[in-house]
J.: 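Sharing a structure, written as structure tokens. Questions coming.
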Protein chains: 2
Amino acid sequence: MDIKQLNTDTEIKQRVFFALSDPGRYKIISMLYHVGHEMGCNELNQHVEIDKSTMSYHLRTLREIGITNTRTQGRQKYVSLNKEKIETLLPGLLKLL
Amino acid sequence: MDIKQLNTDTEIKQRVFFALSDPGRYKIISMLYHVGHEMGCNELNQHVEIDKSTMSYHLRTLREIGITNTRTQGRQKYVSLNKEKIETLLPGLLKLL
DNA sequence: TTTATAGTTTTATGATTATCAAACAATACT
DNA sequence: AGTATTGTTTGATAATCATAAAACTATAAA
């Protein structure tokens, strides 16, 4: 653990809680957790019914918090949950969703 | 568990996460949890440095979500955490704070 | 090369939020 | 009665947020 943390653990925790406070983001996170593997944004869109630009907006938020990973293949982007990070920061949280 | 829930568990969870997403509220909740007993608003104010009206505003939010209890004695108000409710809804969450 | 698909960014908009000063209500103290 | 204390409410303000349409980028397919 780094001593000099510009973002303290508490601040990151608060951002994770923020991520989970919105219905759309909650569904995204919950979905990614329960399916257990990465999903294409489009595939996600079919399960979480929100406009694609809103989806993109939320996915950026999650990416910036650092709780998702994104992989690009062709013109598809696959999103997955950074379970390790979440589990390290807030052990047991994911299974509560 | 009641079948007819105007506020689903998921909605309430999201509100709890919302409560924890603000630095002031996070401190209030964390403080109440760690001291383990009720605190006067004034006493809380000494530990969580925010304006008294802002404090009152946040405490109302927590009360409305239903995760705090308030007891009035004379001109003092004592706030405590509704641990049971939180623990039932999100077991293990509090110890992550 | 044209067209379709996947996703992002921009822009605009309305809603929600956090903050604090000021006024207020209620109780306790002198 | 007057004053101090404890906390709430109101009102104003600035900031952040969620949403969606439209324009855009990049890749794949025809």
Side-chain angles (χ1 to χ4, degrees), chain A residues 7 10-32 35 37-81, chain B residues 7 10-32 35 37-81:
Chain A
N7 298 310
T10 300
E11 282 168 344
I12 305 177
K13 284 181 190 178
Q14 285 165 18
R15 278 184 215 135
V16 174
F17 291 138
F18 172 75
L20 289 167
S21 71
D22 176 81
R25 286 190 304 256
Y26 184 98
K27 279 178 202 151
I28 293 170
I29 295 170
S30 180
M31 173 73 64
L32 288 173
V35 302
H37 53 71
E38 65 181 9
M39 294 178 80
C41 294
N42 207 27
E43 191 186 357
L44 253 178
N45 239 322
Q46 292 165 5
H47 293 89
V48 183
E49 288 186 7
I50 49 183
D51 188 274
K52 64 171 184 169
S53 65
T54 300
M55 171 67 83
S56 189
Y57 166 75
H58 284 316
L59 288 178
R60 181 153 58 100
T61 301
L62 300 183
R63 207 184 315 126
E64 285 171 356
I65 294 173
I67 58 176
T68 53
N69 302 118
T70 303
R71 182 176 67 86
T72 303
Q73 190 179 38
R75 63 184 164 186
Q76 298 244 73
K77 288 204 176 174
Y78 295 93
V79 184
S80 61
L81 209 57
Chain B
N7 298 309
T10 300
E11 283 168 344
I12 304 178
K13 284 181 188 178
Q14 286 166 16
R15 277 184 217 137
V16 173
F17 292 139
F18 171 77
L20 289 167
S21 70
D22 176 82
R25 285 190 303 255
Y26 184 98
K27 279 177 202 152
I28 293 171
I29 294 170
S30 180
M31 172 72 65
L32 288 174
V35 303
H37 52 73
E38 65 180 9
M39 294 177 78
C41 294
N42 207 27
E43 190 186 358
L44 255 176
N45 239 321
Q46 292 165 4
H47 293 89
V48 183
E49 287 185 7
I50 50 183
D51 189 275
K52 64 169 184 166
S53 63
T54 300
M55 171 67 83
S56 188
Y57 166 74
H58 285 315
L59 288 179
R60 181 152 58 101
T61 301
L62 301 183
R63 207 185 313 127
E64 285 171 356
I65 294 172
I67 58 178
T68 53
N69 302 117
T70 304
R71 181 176 68 87
T72 304
Q73 189 179 39
R75 62 184 167 189
Q76 298 244 73
K77 287 203 177 176
Y78 296 93
V79 184
S80 61
L81 209 57

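In the text below, chain A, chain B and the rest are named by the order of the sequence lines, each starting its count at 1. Since this is a predicted model, take the numbers as computed values, not measurements. The figures here come from the full heavy-atom set of this structure, side chains too, leaving out hydrogens, waters and symmetry mates.
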J.: Would you list the protein and nucleotides 23-28 of chain C atom pairs, both N or O, that sit under 3.5 Å from each other?
T.:
unit_1	atom_1	unit_2	atom_2	d
C/dT27	O2	B/Arg75	NH1	3.3

J.: Can you see whether B/Phe18 has B/Arg25 sitting over its ring - NZ or CZ less than 6.0 Å from the centre and within 45° of the normal?
T.: yes
J.: Taking all non-hydrogen atoms of both residues into account, name the closest pair between A/Met39 and A/Val35 and its distance.
T.: SD-CG2, 3.8 Å
J.: Provide the closest heavy-atom pair for B/Cys41 versus B/Leu59 in the form atom of the first, atom of the second, distance.
T.: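 So the minimum-distance heavy-atom pair works out to SG-CD1, 3.7 Å.
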J.: Suppose we screen for side chain to side chain contact (heavy atoms under 4.5 Å, CB included). Which residues come up paired with B/Gln73, at least two apart in sequence or across chains?
T.: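 Counting only residues at least two positions away or on another chain, B/Gln73 forms a side chain to side chain contact (heavy atoms under 4.5 Å, CB included) with B/Arg71, B/Tyr78.
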J.: Between B/Arg63 and D/dT8, does any side-chain N or O lie under 4.0 Å from OP1 or OP2?
T.: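 Checking B/Arg63 against D/dT8: at least one side-chain N or O falls below 4.0 Å of OP1 or OP2.
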J.: What's touching nucleotides 11-18 of chain C from the protein side, N or O pairs under 3.5 Å?
T.:
unit_1	atom_1	unit_2	atom_2	d
C/dA18	OP1	B/Arg25	NH1	3.1
C/dA18	OP1	B/Arg25	NH2	2.8
C/dA18	OP2	B/Arg25	NH1	3.1
C/dA18	OP2	B/Tyr57	OH	3.1

J.: Counting heavy atoms not belonging to B/Gln46, are there more than 12 under 6.0 Å from its CD?
T.: yes
J.: Please find the pair of heavy atoms, one from A/Ile50 and one from A/Met55, that lie closest to each other, and give the distance.
T.: CD1-CA, 3.9 Å
J.: Whole-Å distance between D/dA4 P and B/Gln76 CD?
T.: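 Going from B/Gln76 (CD) to D/dA4 (P), I get 18 Å.
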J.: Under the criterion side chain to side chain contact (heavy atoms under 4.5 Å, CB included), which of A/Val48, A/Ile28, A/Ile29 is the partner of A/His58?
T.: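 Between A/His58 and the candidates, side chain to side chain contact (heavy atoms under 4.5 Å, CB included) is satisfied uniquely by A/Ile28.
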J.: Just to verify, what does A/Arg63 make a salt bridge (Lys or Arg N to Asp or Glu O under 4.0 Å) with, not counting sequence neighbours?
T.: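 Here no residue qualifies.
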J.: Quick check on D/dA18: is either OP1 or OP2 less than 4.0 Å from any side-chain nitrogen or oxygen of A/Arg60?
T.: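 No.
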J.: A/Lys27 has an atom NZ; how far is it from atom P of D/dA18, in whole Å?
T.: 14 Å
J.: Would you jot down, in residue-number order, the residues of residues 41-51 of chain B having a non-hydrogen atom under 4.0 Å from DNA chain C?
T.: B/Asp51
J.: What is the distance from CG of A/Leu59 to P of D/dT19, rounded to the nearest Å?
T.: 13 Å
J.: For the pair made of NZ in A/Lys77 and P in D/dT25, what is the distance, rounded to whole Å?
T.: 15 Å
J.: If I take atom NZ from residue A/Lys52 and atom CG from residue A/Asn45, how far apart are they, to the nearest 0.5 angstrom?
T.: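 A/Lys52 NZ to A/Asn45 CG: 9.0 Å, rounded to 0.5 Å.
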J.: A/Leu32 and A/Leu44: which non-hydrogen atoms are nearest, and at how many Å?
T.: CD2-CD1, 4.5 Å
J.: Can you sort out the partners of B/Lys13 under side chain to side chain contact (heavy atoms under 4.5 Å, CB included), two or more places apart, ordered by chain and number?
T.: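 With sequence neighbours excluded, B/Lys13 shows a side chain to side chain contact (heavy atoms under 4.5 Å, CB included) to A/Tyr26, B/Phe17, B/Leu89, B/Leu90, given in chain and number order.
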J.: Using the closest heavy atom to pick a nucleotide of DNA chain D for each, name whichever of A/Ser53 or B/Ser53 lands nearer the 5' end.
T.: B/Ser53
